[in-house]
Student: 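Handing you this structure, nothing more for now.
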There are 2 protein chains.
Amino acid sequence: MAAERKGGVTISQVAKEAGVARSSVSRAYTRPDMLSPETVERIKAAAGKLGYVPNHTARALSTGRYGNLALIVPDVANPFFPPMIRAAQVEADRSDFCVFLGNSDEDPEKEDQLLGRFSGQVEGIILASPRLSDERIAAHALLRPLVLINRDVKGIPKVLIDSGTGIAEATQHLADFGHRNIVYVSGPSTSWSNKQRRAAVRRASKKLGLELSFVSASVPSFEAGLQAVDAILAKGATAAIAFDDVTAQGILAGLGERGVSVPGEFSVVGCDDALGPLTVPSLTTVSSRSIEAGKLAVSLLLEVLESQAVRDASYVLETHLIIRSTTGKAP
Amino acid sequence: MAAERKGGVTISQVAKEAGVARSSVSRAYTRPDMLSPETVERIKAAAGKLGYVPNHTARALSTGRYGNLALIVPDVANPFFPPMIRAAQVEADRSDFCVFLGNSDEDPEKEDQLLGRFSGQVEGIILASPRLSDERIAAHALLRPLVLINRDVKGIPKVLIDSGTGIAEATQHLADFGHRNIVYVSGPSTSWSNKQRRAAVRRASKKLGLELSFVSASVPSFEAGLQAVDAILAKGATAAIAFDDVTAQGILAGLGERGVSVPGEFSVVGCDDALGPLTVPSLTTVSSRSIEAGKLAVSLLLEVLESQAVRDASYVLETHLIIRSTTGKAP
DNA sequence: CTATGCTGTGCAACCGGTTGCATGTCAACC
DNA sequence: GGTTGACATGCAACCGGTTGCACAGCATAG
């Protein structure tokens, strides 16, 4: 009968069963062309009989090829990330890689820690929207192939979602509707995306001659958006561009509480298209392309692993405005 | 200067630097009490100087303790899962475990494959809402500790979210509002949760003397909800209980398109509280406790690992109705 | 002053594979 | 018919840790 012990069947047991050396069993799996077809068959038969499954870990130790990669995100539960995670997953799977997922909870320390924990058992790491300092990121990149998403550190390959283009379109869109005074509700100060969006809205406003002010929602959350509403209204603006969709949604709720109709009296634009058309009224937002970013980051990482060269590649994904129902003519 | 070679610093290098045997370095980390305090300190100093990080994989090979666990879900992007994933992550982290994440894409085959791929490098696996057959699940459970979420297979430890209690409350809530004819919009047929919810709404309706009919939305998605609206209205019902929040959201959108006001003319109840209060109007729903489920599943798994005994434990989490703004008096 | 026991450290085998090199066999070639 | 070389396989070292056991040194007990 087939062995069923918890410990698992080893290469030695198969070797004995098939009457060959351990190395031959190994080769039957890794380089069958080196062995005669009959031997391979005999080994496979013995392996099948015993229920042998190669030990991933042991193999990783001697080859240094782990067949694993890690993906670290600040918050799994933020709707921006799940589609990205999923895409990365699928892409990794296509090349037989397993994915470790890390959640840093928006905490740089935690991120650092996770990086250390994973680094011993993966071939490469993808850091999405890291909150870590450039120096620490660079340090980790020395130890192990690293690909960044939405962060620009010199010399490290990256995938950037350029929300600047979409934000510019959004600003134009609001100007077209006659808005003259708008607010940008900013996100985490350590976020590269936030800096980029903030700069884009500033640039576009200047060009279009709009009056622009800032309100800060330090974390991207529904509550933060809700709480920002009074400050937004105090600015005398007629439209707001929010750091992300979740914040925008909070703003919508807050406006609703205060009886301000959207888009009749006030227009709102989100960013990242994380909620899709799921909301009522549906949110005008900037596309995020997070799915492509996830997929691209993985294939870029695999490419780096294969070529050994640390190519300083950057992929930039442009974004566009998605017009739905929360924007309209200025009152 | 600190070594910077890609390969990483090994225990031997540290041993040489500190002038001790490899075993002492190992013990400095695993059983410092066996060494004199000065020696430990000297080793740690040398390790720090060289930038030594213990190799997780090598350790796993010799101890058989991988320090990894896998979590497999049908769809990372379904908002029900991210909070659960996050909670599992955090709980695993507390015990220094790393988490592999698998996405089965709602495909039983894929699930089976992932299970196989992971099983060589983890100590245990958590299967959330599996679509796999009972037999295959049982087979995998023989090889390696397994904990289920929202699936009931005899002899395997599990965490069940009992949405029955919440659904019963929802039905009662609708009856209290004078609804006499309601619809249950069902989810995936292979889903244990769907079976359970369907049974609960049937039981409660019978007890309360409500007229109940069924509409099927085979996958839980916004579109499926949207498309179910005509069928729902055709039943002559005044309220619907949906398999989950995403479906409910689709139903809301569909009703909006047809000019049916909510909750004035029609009431809608979701399930899983996956969207929180993020929507407008905010959705009356059944709490999901997915966060607790994720956390519990991990601690249960760790317990099983520790005790070696395959306890046939079940944790059942009761749910409750969360009343928001999509339910009201029957027209 | 020798027997006993404890503490701190080193030696070497082991975890389960991979891989460079050596060896043996046999056919083709000169 | 001896040499050459290709091919199939085995040996043994190695990946980077862990751990049982041996042993040296020293203090305490008899």
Side-chain angles (χ1 to χ4, degrees), chain A residues 3 5-44 46-47 50-68 116-117 119-123 143-144, chain B residues 3 5-44 46-47 50-68 96 119-123 143:
Chain A
R5 72 186 86 276
K6 197 66 156 269
V9 182
T10 76
I11 209 174
S12 304
Q13 296 172 36
V14 177
K16 190 191 288 180
E17 174 76 25
V20 298
R22 300 192 307 145
S23 45
S24 294
V25 178
S26 172
R27 287 194 261 257
Y29 285 86
T30 54
R31 286 215 293 286
D33 51 295
M34 280 185 69
L35 266 40
S36 76
E38 310 88 62
T39 308
V40 172
E41 194 173 344
R42 190 150 40 93
I43 292 173
K44 294 260 177 177
L50 298 177
Y52 169 72
V53 180
N55 182 317
H56 198 108
T57 304
R59 164 138 53 199
L61 181 59
S62 73
T63 58
R65 312 213 49 245
Y66 293 85
N68 294 147
R117 218 208 272 326
S119 120
Q121 41 189 344
V122 301
E123 284 177 57
L143 296 176
R144 189 151 310 277
Chain B
R5 73 187 83 275
K6 195 65 156 268
V9 182
T10 76
I11 209 175
S12 305
Q13 296 172 38
V14 177
K16 190 190 290 180
E17 173 76 24
V20 298
R22 299 192 307 145
S23 45
S24 294
V25 178
S26 172
R27 287 194 261 258
Y29 285 85
T30 54
R31 287 215 294 286
D33 51 295
M34 280 185 70
L35 266 41
S36 77
E38 309 87 65
T39 308
V40 172
E41 195 173 342
R42 189 151 40 94
I43 292 173
K44 295 259 177 178
L50 297 177
Y52 169 72
V53 179
N55 182 316
H56 200 108
T57 303
R59 165 138 53 196
L61 181 59
S62 72
T63 58
R65 313 213 48 244
Y66 293 86
N68 293 150
D96 272 337
S119 121
Q121 42 188 342
V122 301
E123 284 177 56
L143 296 176

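Throughout, protein chains are lettered first and strands after them, A, B, ... in sequence-line order, and every chain is numbered starting at 1. The figures here come from the full heavy-atom set of this structure, side chains too, leaving out hydrogens, waters and symmetry mates.
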Student: Atom CZ of Arg59(A) to atom P of dT19(C): distance rounded to whole Å?
Tutor: 9 Å
Student: With rounding to the nearest 0.5 Å, note down the distance linking CD in Glu17(B) to CD1 in Ile43(B).
Tutor: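 Between atom CD of Glu17(B) and atom CD1 of Ile43(B) there are 12.0 Å.
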Student: Is there side-chain contact between Thr57(B) and Gln121(B), with heavy atoms separated by less than 4.5 Å?
Tutor: no
Student: Under 4.0 Å from OP1 or OP2 of dC15(D): is there any side-chain N or O of Thr63(A) that close?
Tutor: no
Student: Are Lys44(A) and Tyr29(A) in a cation-pi contact, defined as NZ or CZ under 6.0 Å from the six-membered ring centre and within 45° of the axis?
Tutor: yes
Student: When you get a sec, tell me which of dG8(C), dC15(C), dC15(D) is the closest nucleotide to the side chain of Leu61(A)?
Tutor: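 Between dG8(C), dC15(C), dC15(D), the one nearest the side chain of Leu61(A) would be dC15(D).
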Student: Using a cut-off of 4.0 Å on non-hydrogen atoms, how would the nucleic acid contact of Thr30(B) be classed: base, sugar-phosphate, or nothing?
Tutor: sugar-phosphate
Student: Take Arg22(B) and Arg42(B), find for each the nucleotide of DNA chain C with the closest heavy atom, and name the residue whose nucleotide sits nearer the 5' end.
Tutor: Arg42(B)
Student: I need the CZ-C1' distance between Arg65(A) and dC15(D), as an integer number of Å.
Tutor: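 After rounding, the reported distance stands at 15 Å.
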Student: Of all the choices, dT9(D), dG10(C), dT9(C), which nucleotide is nearest to the side chain of Ser36(B) once you look at every atom?
Tutor: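 Per side-chain heavy atoms of Ser36(B), the pick is dT9(C).
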Student: Touch check for Thr39(B), heavy atoms < 4.0 angstrom, all strands: base, sugar-phosphate only, or nothing?
Tutor: sugar-phosphate
Student: Tyr66(A) OH to dG16(C) P: how many Å, rounded?
Tutor: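 Between P of dG16(C) and OH of Tyr66(A): 18 Å.
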Student: Find out whether Thr10(A) and Arg22(A) are in side-chain contact, i.e. whether some heavy atom of one side chain is under 4.5 Å from a heavy atom of the other.
Tutor: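 A side-chain contact is absent here, since even the closest heavy-atom pair is not under 4.5 Å.
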Student: Using whole Å, what does the distance between atom P of nucleotide dT9(D) and atom CE of Met34(A) come to?
Tutor: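 Spelled out: CE on Met34(A) to P on dT9(D) is 10 Å.
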Student: Reckon Ser26(A) has a side-chain N or O less than 4.0 Å from the OP1 or OP2 of dT18(C)?
Tutor: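 Checking dT18(C) against Ser26(A), a side-chain N or O does come within under 4.0 Å of OP1 or OP2.
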Student: Between Ser62(B) and Glu38(B), which residue's closest nucleotide on DNA chain C lies nearer the 5′ terminus?
Tutor: Glu38(B)
Student: Side chain of Asn55(A): nearest nucleotide among dG16(C), dG10(D), dT18(D)?
Tutor: dG16(C)
Student: Which of the following nucleotides, dT9(D), dG10(D), dG17(D), is nearest to the side chain of Val20(A)?
Tutor: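 Taking heavy atoms from C-beta onward, the closest nucleotide is dG10(D).
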Student: Of the non-hydrogen atoms in Leu61(A) and Ala58(B), which two are nearest, and what is the gap between them?
Tutor: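 Looking at all heavy atoms of both residues, the closest pair is CD1-CB, 3.7 Å.
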Student: Please pick, from dG10(C), dG17(C), dA8(D), the nucleotide with the shortest atom-to-atom distance to any side-chain atom of Ser24(B).
Tutor: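 Of all the options, the side chain of Ser24(B) is nearest to dG10(C).
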Student: Classify the side chain of Thr10(B) versus the base of dC15(D) as yes if they form a donor-acceptor pair under 3.5 Å and no if they do not.
Tutor: no
Student: Taking 4.0 Å as the cut-off, does a side-chain nitrogen or oxygen of Tyr52(A) come that near to OP1 or OP2 on dG17(C)?
Tutor: yes
Student: dG17(C) base to Arg27(A) side chain: any donor-acceptor pair below 3.5 Å?
Tutor: no
